[in-house]
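For reference, the structure discussed in these notes is given below.
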Amino acid sequence: MNVVLPDGNTLELADGASGLDAALAIGPKLAEQAVLIKANGETQDLRAPLPDGAKIEILTTRNTADPDALYVLRHSAAHLLAEAVRRLHPGVKVAIGPPIDDGFYYDFEFPTPITEGDLQAIEDEVKREIAEGRTFSREEITADEARERFRAEGEPYKVELVDTAQGAISLYTQSGANGADFTDLCRGPHLQNAAPIKAFKITGLAGAYWRGDSANTQLTRIYGTAFYKEADLAAYLERMEESRKRDHRRLGVQLDLFHFSELSPGSPFWHPKGMKIWNVLEDLRRRENLARGYVEVRTPQIYDKELWVTSGHWDKYREHMFTFESEERTFSLKPMNCPGHCVLYANGAVSYRDLPIRMSEAGVLHRDELAGALHGLLRVRMFSQDDAHIFCTPEQVEDEVLGCLDFGYSIYEKLGLEIKVELSTRPENKLGTDEEWDAAEGALKAALDRQGLTYSVNEGDGAFYGPKIDLHMLDSLGRGWQIGTVQLDFQLPQRFGLTYQGADNAEHTPVMVHRALIGSFERFIGILIEHFAGAFPFWLAPVQVRIVPVAEVHAAAAHELAAKLGGYRVEVDDSAETLGKRIRNAELEKIPFVIVYGEKESDDALAVRERGGGQSTKSLAELQGELAVLAAGA
RNA sequence: GCCGAAGUAGCUCAGCUGGUCAGAGCACCUGUCUUGUAAACAGGGGGUCCGGGGUUCGAAUCCCCGCUUCGGCUCCA
């Protein structure tokens, strides 16, 4: 057989040759440093046979930043972890241990629970294994052999993995000076030996359900990470530390934007400065809504249970609703606006000439989220959604969805946000016919394409009432959060008996488009805080300009200047602190502009300091011109 | 909700194995200073050591229960 090298040359190999054989044929040094091979673009273990005629590329320990090379390293590190845990905690059952972004984890079932205090010993043991040396070898066996083997070893999770594995079963054995030590079911690929693992660290301990199902046993998950270079680990830890500084929960306190109280878990208290940001967004929302043909409505906060029975929420969403009794009736705080909007729509006759009706409401919603799911502003129990429901004809759906996407992206681009788009299609328990779903999914795809968006598809992940487009963003630690959503709904209009009179004089059921672009103001502001690390652009900043009079005698002039900058959010700091201290405070508060005002200053010559330290002298007129541009959000 | 961890002044945190352990820095208040681009100086006030039980001569410290928060898991309509 032969393979094709990256330079185009052909290499002649014995039949059934592996990647390692290919590397050896090229040179011993390469074989020594090799960690995995790409055959026709697909990564595979060095020890697995190569397809005849494959184009190959060998990755080595020098590809220290290559994601695939890191995956292999970390996957092997995970196996060393399992070996160490088995040695230190006899009787432990091993489940699964894949590499992930930034590291790896391994799930175990411990005979007696472990705590964080046990982690150091495990980490030390892994480091000892690395120092001692481990060689990874691969073998392929049948599913029956594998099942038998793991059953004999008392590893029920492995048996289950074999049962659901696709294709050939491969095992990896890591052996050291003391003989074969640990064999694990694994697809691979793995390193040839442990030597390239120059940095190893256990980073966390958590519970995790077997196969991600909360009905299953909860296992103990140990997280860790590994690198080809010690310095890479240090850089990683440094990066994590920097990310933590952007955490909106930390900045929210530092910048005096909001706080939480034990008296109302999951519901933020917005401080005056936080509300400045909120109101800027609220103004933006209202202005843009009006410009795009939306009407604004306001609907009740609490409803009789009957409404939720009609909408289906009582069935599907009850455990997340706050309910209470009053005068022998059961009520619930609304977790969504849509049923209320349906009631509003139903009040009065609607003609096809009225459609589309774009009904918006930044309604306050309450959802009884699981205590363990709460997360600062990013997962709350009370929030305001920039909600809207578009009632339209089936023919109008595509244009309406496109309008929503265009609307959303006008906001995201203004803020420089990076959005991940997902399309979720019909689930198993869908309502409605396949024809309806074909049309609905087609309309969403067409709108996505017309907007020029790249998106991933989550097959079967749509709501039972219709497909949806979800818009996600990452927080400072790389966790994803849903910001916006555009959902098609055929069910709610039917459940509420909504109709419009068509041109054919017959009654028709409208299609409903649920749409949130900012999503919840709480979550959006939380994301913005992390995105800007608290240094908001001028048009969003709670305080835009701070004037610092040099001495007490300049305070009056400073206030006059502030008055001339009316229309902007301006403060005068005439406190009894030193000039240096007041400038420092303004910097710590991340205020975009500081104007120092003393003997030398006048309307013709202002000493302007920009956030970060840049200084310049400009006239009031020049400054006002500059601020006007920034205020527009350019 | 589940697994693990944490909760000490407004904020950040120290307080090891129970015995002046109720502290520091910043913030706050008062006074002095009247300031030229990231921290003037001095003094002072402030804590139910998350809450409730328990062990003990004695608990911030040990045990139990609860609440909240953090890291994950599940969930995210």
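Every chain is numbered from 1 and lettered A, B, ... according to where its sequence line falls, protein lines coming before strand lines.
Between the side chain of R582(A) and the backbone N or O of D573(A), at least one donor-acceptor pair lies under 3.5 Å.
Listed pair R221(A) / rG71(B) fails the phosphate criterion, with no side-chain N or O lying under 4.0 Å from OP1 or OP2. OP1 and OP2 of rC33(B) both lie 4.0 Å or more from every side-chain N or O belonging to K581(A). Distances shown here put every side-chain N or O of R582(A) at or beyond 4.0 Å from the OP1 or OP2 atom of rA39(B). At the phosphate of rC76(B), neither OP1 nor OP2 sits under 4.0 Å from any side-chain N or O atom of H472(A). Contact check, R611(A) against rA38(B): no side-chain N or O comes under 4.0 Å of OP1 or OP2.
With a cut-off of 3.5 Å on both Watson-Crick or G-U wobble distances, the partner of rU34(B) is given as none.
Between the side chains of R211(A) and T164(A), at least one donor-acceptor pair of N or O atoms lies under 3.5 Å. There is no side-chain donor-acceptor pair under 3.5 Å between S575(A) and E577(A).
For Y223(A) against rG4(B), a side-chain-to-base donor-acceptor contact under 3.5 Å is absent.
Between Y465(A) and H514(A), the gap from one ring centroid to the other is short of 6.0 Å.
Comparing rA9(B) with rC65(B), their P atoms are spaced 25 Å from each other, to the whole Å.
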